[in-house]
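Below is one structure, written out as structure tokens; the observations come after it.
Scope of the values below: all heavy atoms of this structure, side chains included, with no hydrogens, waters or symmetry mates. Just so it is clear: chains get the letters A, B, ... in the order the sequence lines come, proteins before strands, and each one is counted from 1.
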Amino acid sequence: MTTCRFWLLDINYEVKNHQPEVWLWGIDNNGRRVLIIDRGFHAYFYAIPASNEKPESIAEKIKQMVSSLPFITNIKIVDRKLFGKPLKVIKINCQDPDLIPEYAKKISRLDGVEKCLEDDIRYSMRYMIDNNIVPCSWHEVEVEEEQNPERIQVDKVLLAKSRPKHLPKLIEVPKLRILGFSIICYSPKGAPKPEKNPVVIISTITNNGEKRQFIAETSEKDDKIISKFINYIKSFDPDIIVGYGTNRNDLPYLTVRAKRNGLTLNIDRVNSEPHTSVYGHISITGRANIDLYDYADEFPDVKVKTLENIADYLGVKKIEERTLIEDIDFAENWENPQKRATLLKFSMENTECIIGVTEAILDFAIQLSSLVGLPLDHIGTAAVGFRVEWFLIRHAYQMGELIPKRVERRYIPYAGAIVLKPKPGIHENIAVLDFKSMYPNIMIAYNVSPDTYIPPEEPNPPSGVYIAPEVNHRFRKEPSGFYREVLSKLIEARDKVRAQLKRLSPKSPEYRLLDARQKAIKVITNATYGYAGWIGARWYIKPVAEAVTAWGRHTITNTIKIAKSLSLEVIYGDTDSIFIRYDPKKIEKLFKAIEEKLGLEIKPDKIYSRILFTEAKKRYCGLLPDGRLDTVGLEVVRGDWANVAKKIQEKILEVVLKEQTVRKAVEYVQEYIINLRAKKIPYRDLIIWKTLTKPIEEYEVRAPHVEAARLLQKEGWALTAGDKIGYVITLGSGKLYERAKPYIFASYDEIDMEYYVTKQIIPAALRILSLFGVRKQDLLPSKPTKPQTLLKFFGENKK
DNA sequence: GCAGCCCTATTACCT
DNA sequence: ACAGGTAATAGGGCTGCG
């Protein structure tokens, strides 16, 4: 028997003859790939006795059923809590985890059983939670070497002789083998269909720097390139396979293509195909399949989430416009022998982007996986709510809290934060003060939690209660709730990591790792309030979320009062921030008063040397002392305005705030409009991007982006909710939606420049300039000319 | 027939 | 498929003008 120290990459389970096996895929401290098989962990669920029933008699009843439930191995009464309330419940162990749902259903029908709980926890998660086994983290386990009869692709198959023990202090990540890939499919018309259109190019790059390209010999056959690709994966034996959009496109496509060719896409470590797993993710057993698209939301500044845009944003790689090839042009580029080389190059560049973006994301993904406890290949596809929930589940287990079932609930809105009306115009020397993690700290300060909430019918507990302002929800002061425990640990952990960071060089590997760690902690901390108010949450209790925002409003309102009492002028505020004239002495007093009276910490965030507010809330632009502009909410930062409007507005803000001249800004707009009308502005700057938020058929109204989407669909493009539609407005008569065309279908000459002038440039420009009395007619370089009236005339007669 | 108003649907933002 | 608060546009229905 030996000890094996391993880093957990992936986990799955098998049930053979009703005997469960957990398969832990790891990398040991000698860099060997190992599979550790752990047998004999029996999962379980709970039966909750009805309130008037004795747990003993229920347990007895269940014991008498055992003959019809043969794989139950243990029944006992244990102490647990449900929403903070102590309970005696019956824990029922079952040897075969796959039978648990069925058994729980039968037992929940027993007289005197209120319900069953935790029968909905997957076996592999159950195993990790109960044994404190953490993905992307080191463990130690006693093992014996096993035969490897099943052609499993690892250096060693080991049988666990003990439960693995987590080694929380080891934080480094072993050297992983990473393979990035992207594919190009050939379809003469419309979007490629795996049933008929072949894969013609597969480009791969490994983190050893090895580049490969697999190219189809003809435009019809792809059996060779697919089998070569499979063999290459087998020989490189990656730990991580990464691509962009692979869960939705590449992997399902390749799987079908392989089948069509009589092949199996056996690219995992057990010689079988990728398979769909939880959260719509595709699992490749023994490896971690990562789809970078699942991390695109980490970059809110990137509005159109293409691989090229993200790579460009991260400074990984810039694909020049002349080398960028649109999907629509793949076929032409493939068919034409001269152009094929550029397509090959483009494909490889795509894979270079993939490798580069992986560099930027992987540390974060690994840290998030180990913090939350979801395996590396699941963490990306899990929505924020589920990430928070799995994190909470682990802590619930440690606190003896039962995990509530997911139930369907009716949505009832509740009041949120306060936003102040800004004082329009330009202000000088404005400080922004922020409450530090306001909602988490409110939850800690007032012990707001699902397990401390006291429903209206219940009396006050002896330890006393906190009562939320306005809404009057009560929370017991003692003991500390679930959220307080979890959040204070998170905040503490993050502070500790940040302290360590200060002592490290930003270039060191430790720094990168710890920085990713503190980001992961931050994400989970900040999402906890949102989780609390989410009707899909297992621990949803509306008053919990409602109380948090009530205390938030109370806090900010009092802050404003205190500021005013110190004769500090409040210019604006939103949720947890106030914008005030910078006055160091008074602000110091304000900090003290707030900490004393409100028990929460406020800190200076930044100082704007100048800041511009419009009449609207949530939209402003501040000039920082170093000359940078902070644009918030305005068209400049929105993804659904044409670039022409955004660029102009940005320029106006710069001129107005830095040079403080309106005249120059007006001239700039006029000049720009002249250039636009003269067709001197690039086509790309005229594209408007909007997201499809639901299937096309479900739209009640006709809108430009929806109609453009319909046109794409007609040409064979498969569109789903979440896709971004890029369209332009073309000349002609009628409603905008009749003139909107997908940008890949339209030509520059059919663009309706006057639309861009009146509905994009002018509104974006006036948003700022109207503050200074500038009117529409001041921005137009000349009055509408004759041809325009003629155009209108023709338009009217067409209809 | 159409300008003007109001309302709704839709999207993307802020914290 | 984490929350509510907010701005903005386009479409569509309705009114009233002459």
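- Between A/Trp641 and A/Tyr756, the ring centre distance reaches or exceeds 6.0 Å.
- A/Tyr411 comes within 4.0 angstrom of sugar-phosphate atoms only, judged by non-hydrogen atoms across all strands, and of no base.
- Residue A/Gly530 is the one, among A/Ala417 and A/Gly530, whose nearest nucleotide of DNA chain C lies closer to the 5' end (criterion: closest heavy atom).
- A/Ala415 comes within contact range of the sugar-phosphate backbone alone, with a heavy-atom separation under 4.0 Å but no base atom that close.
- A/Ala616 comes within contact range of the sugar-phosphate backbone alone, with a heavy-atom separation under 4.0 Å but no base atom that close.
- When distances run from any side-chain atom of A/Lys617 to the nucleotides B/dT11, C/dT6, B/dA9, the shortest one goes to C/dT6.
- The nucleotide whose nearest atom lies closest to any side-chain atom of A/Val701 is, among C/dA10, B/dA9, B/dA12, B/dA9.
- Among the heavy atoms of the strands lying under 4.0 Å from A/Pro763 are primed sugar atoms or P, OP1, OP2 only; no base atom is included.
- Rounded to an integer number of Å, the gap from CD1 of A/Ile688 to P of C/dA8 is 17 Å.
- If you look at A/Trp551 and A/Tyr446, their ring centroids are closer than 6.0 Å.
- Using a 4.0 Å heavy-atom cutoff across all strands shown, A/Lys542 reaches no nucleic acid atom at all.
- Within 4.0 Å of A/Val637, counting heavy atoms only, lie sugar-phosphate atoms of the nucleic acid but no base atom.
- Here A/Ala545 lies out of heavy-atom contact (under 4.0 Å) with every strand.
- Among the atoms of the strands shown, none is found under 4.0 Å from any heavy atom of A/Phe435.
- Among the atoms of the strands shown, none is found under 4.0 Å from any heavy atom of A/Gly536.
- For the helix from B/dG1-C/dC17 to B/dT15-C/dA3, the rotation axes defined at the first and last 5 base pairs enclose an angle of 10°, given to the nearest 10°.
- A salt bridge does not link A/Lys305 to A/Asp723: none of the charged nitrogens lies less than 4.0 Å from a carboxylate oxygen.
- Counting heavy-atom neighbours within 6.0 Å of A/Lys405 NZ, excluding the residue itself, gives a total above 12.
- Less than 6.0 angstrom separates the ring centroid of A/Tyr453 from the ring centroid of A/Phe475.
- Here A/Tyr620 does not reach the OP1 or OP2 of C/dA7: none of its side-chain N or O atoms lies under 4.0 Å away.
- Residue A/Arg702 is in sugar-phosphate contact alone, with no base atom involved, counting any heavy-atom pair closer than 4.0 Å across all strands shown.
- Note on A/Lys421: nothing from the nucleic acid sits closer than 4.0 angstrom, heavy atoms only.
- In summary, A/Glu635 and A/Lys646 do not engage in a salt bridge, as defined by a charged side-chain N under 4.0 Å from a carboxylate O.
- A/Ser370 and A/Arg517 form a side-chain donor-acceptor contact under 3.5 Å, judged by distance and modelled atom types alone.
- Counting non-hydrogen atoms under 4.0 angstrom, A/Arg619 reaches the backbone sugars and phosphates but no base.
- Using a 4.0 Å cut-off, some side-chain N or O of A/Lys303 falls inside it from OP1 or OP2 of B/dC13.
- A/Tyr737 comes within 4.0 angstrom of the backbone, heavy atoms only, and of no base.
- OP1 or OP2 of B/dT10 has not a single side-chain nitrogen or oxygen of A/His705 nearer than 4.0 Å.
- In this structure, of B/dT11, C/dA8, C/dA3, it is C/dA3 that holds the atom nearest to the side chain of A/Tyr414.
- Aromatic ring centres of A/Trp539 and A/Phe482 lie closer together than 6.0 Å.
- Within 4.0 Å of A/Gly385, counting heavy atoms only, lie sugar-phosphate atoms of the nucleic acid but no base atom.
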